[in-house]
Amino acid sequence: MGDSIITIVAIVLAAILMFVFPLMTMSDRTDDISQLTVQTATTEFVDNVRTTGKLTLDDYAAFEQKITATGNSYDIEMEVKVLDENPGKKTTQANSTKIGENVYYSMYTSQILDAIASTNGSKKVLALKEGDMFSTSVKNTNTTLSQQLKNFFYTVAGNDTYTIAAQHGGYVTANGSGD
């Protein structure tokens with residue numbers, strides 16, 4: 001009787017070692033590849049907007065298509081901090097070439113998408129100017145196979161956690177035109 005229980009335990013352990021751990025390893029590698037793809041796409045998207053000073057719906061759609069090609073769904077958050085130069089006020093700063101202070105106001109994802117949404121077949125461009133700031137943050141919203149396996153075996157990741165995320169931002173270096 002004792003030998004049969006040991007045999008069953010040995011078979012279960014062998015099955016886990018032969019099938020589950022390689023599956024976990026491969027799913028972790030898939031998440032790593034997705035992470036690299038999303039980070040690269042996010043960096044390219046933000047740098048393109050920063051260097052051209054323009055954001056179009058086509059650019060956003062191409063970015064969204066690149067990251068969803070990984071097989072995951074993502075929450076994309078964009079922010080534009082628009083430089084609002086106010087030259088009408090006196091300043092106490094040491095900069096003698098400008099009168100006034102520079103203030104940023106923010107536009108977020110829904111406002112940005114409204115600004116670039118095409119109407120009546122005409123394409124709109126969100127034109128940015130030198131000194132504006134643009135940033136994008138991406139997080140996966142679905143549970144990957146790796147997360148499911150880890151939740152099953154370790155209960156490491158909760159329902160609100162994400163494994164694939166990227167963010168990038170910086171100053172706009174060129175003036176975009178609104179055409």
Side-chain angles (χ1 to χ4, degrees), residues 1-52 54-82 104-118 126 128 132-173:
M1 179 69 178
D3 288 339
S4 60
I5 292 175
I6 292 174
T7 304
I8 292 172
V9 169
I11 290 172
V12 169
L13 281 173
I16 289 173
L17 289 174
M18 289 175 53
F19 299 110
V20 175
F21 285 117
L23 181 61
M24 286 179 67
T25 303
M26 291 304 295
S27 62
D28 280 344
R29 294 307 138 249
T30 302
D31 281 0
D32 290 345
I33 292 169
S34 296
Q35 171 67 38
L36 182 62
T37 302
V38 168
Q39 183 66 50
T40 303
T42 302
T43 302
E44 289 174 356
F45 172 66
V46 170
D47 286 347
N48 180 46
V49 171
R50 287 178 49 237
T51 56
T52 62
K54 299 178 192 177
L55 175 61
T56 64
L57 193 57
D58 291 339
D59 294 337
Y60 178 76
F63 168 63
E64 193 174 31
Q65 184 178 9
K66 269 186 194 176
I67 64 174
T68 55
T70 62
N72 297 308
S73 57
Y74 296 94
D75 178 27
I76 303 169
E77 296 178 9
M78 296 181 289
E79 181 181 7
V80 174
K81 290 186 178 182
V82 179
Y104 287 94
Y105 67 90
S106 295
M107 292 175 60
Y108 298 100
T109 306
S110 61
Q111 296 165 315
I112 294 168
L113 291 177
D114 287 345
I116 62 175
S118 59
L126 178 62
L128 304 172
D132 291 349
M133 290 187 269
F134 181 72
S135 63
T136 301
S137 174
V138 179
K139 296 177 186 173
N140 72 308
T141 56
N142 64 318
T143 305
T144 65
L145 179 61
S146 176
Q147 282 177 296
Q148 292 172 353
L149 290 171
K150 286 178 183 176
N151 285 342
F152 180 73
F153 284 106
Y154 308 129
T155 12
V156 171
N159 291 337
D160 294 338
T161 61
Y162 53 87
T163 57
I164 303 168
Q167 61 184 19
H168 191 64
Y171 285 99
V172 175
T173 60

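Please read all numbers here as calculations on a predicted model, not as lab measurements. Quick note: residue numbers are just sequence positions, from 1.
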Which pair of non-hydrogen atoms, one from A115 and one from M107, has the smallest distance, and what is that distance? CB-CE, 4.4 Å
Verify, without hydrogens or angle tests, whether N72 (side chain) and N142 (backbone) share a donor-acceptor contact under 3.5 angstrom. no
Apply side chain to side chain contact (heavy atoms under 4.5 Å, CB included) to the pair T51 and T173, showing each step before the final yes or no. CA-CA 5 Å; T51 56; T173 60; 4.2 Å; yes
With distance as the sole test, does N140 use its side chain to make a donor-acceptor pair with the main-chain N or O of I164 at under 3.5 Å? yes
Please determine whether side chain to side chain contact (heavy atoms under 4.5 Å, CB included) holds for the pair F63 and T136, giving the CA-CA distance in whole Å, both sets of side-chain angles, and the decisive distance to 0.1 Å. CA-CA 11 Å; F63 168 63; T136 301; 4.2 Å; yes
From D58 atom CG to Q65 atom CD, the distance as rounded to the nearest 0.5 Å: 11.0 Å
Under 3.5 Å, is there a donor-acceptor pair between the side chain of Q111 and the main chain of Y108? yes
Heavy atoms only: give me the nearest E79-S106 pair and the separation to one decimal. OE2-OG, 3.1 Å
Would you say the side chain of V80 lies within less than 4.5 Å of the side chain of V172, judging by non-hydrogen atoms? no
Counting only heavy atoms not in Q167 (residues, nucleotides, ligands), do more than 12 fall under 6.0 Å from its CD? no
The reported gap from CD1 in I6 to CD1 in I11 (rounded to nearest 0.5 angstrom) is 12.5 Å
So D47 and H168, do their side chains get closer than 4.5 Å, heavy atoms only? yes
Which heavy-atom pair separates V46 from G169 by the least distance, and what is that distance? CG1-CA, 3.8 Å
Atom OG1 in T37, atom CD1 in I33: separation rounded to 0.5 Å? 7.5 Å
What distance do S135 atom OG and E77 atom CD have between them, rounded to the nearest 0.5 Å? 9.5 Å
Do the non-hydrogen side-chain atoms of F45 and K66 ever get within less than 4.5 Å of each other? no
So, taking the atom named CD1 in I67 and the one named CD in Q39, what distance separates them when rounded to the nearest 0.5 Å? 11.5 Å
Of the options T163, D28, T25, which is the one that meets S146 in a side chain to side chain donor-acceptor pair (under 3.5 Å)? D28
Do V49 and L128 touch side chain to side chain, with heavy atoms closer than 4.5 Å? yes
More than 12 foreign heavy atoms under 6.0 Å from OH of Y104: is that the case here? yes
Do T144 and T30 come within less than 4.5 Å of each other through their side chains, counting heavy atoms only? no
Interatomic distance, CG@L57 vs CG@L126, rounded to 0.5 Å, equals 11.5 Å
Please determine whether side chain to side chain contact (heavy atoms under 4.5 Å, CB included) holds for the pair M78 and L113, giving the CA-CA distance in whole Å, both sets of side-chain angles, and the decisive distance to 0.1 Å. CA-CA 9 Å; M78 296 181 289; L113 291 177; 4.0 Å; yes
Taking the side chain as everything from C-beta on, heavy atoms only, tell me whether D132 gets closer than 4.5 Å to V82. yes
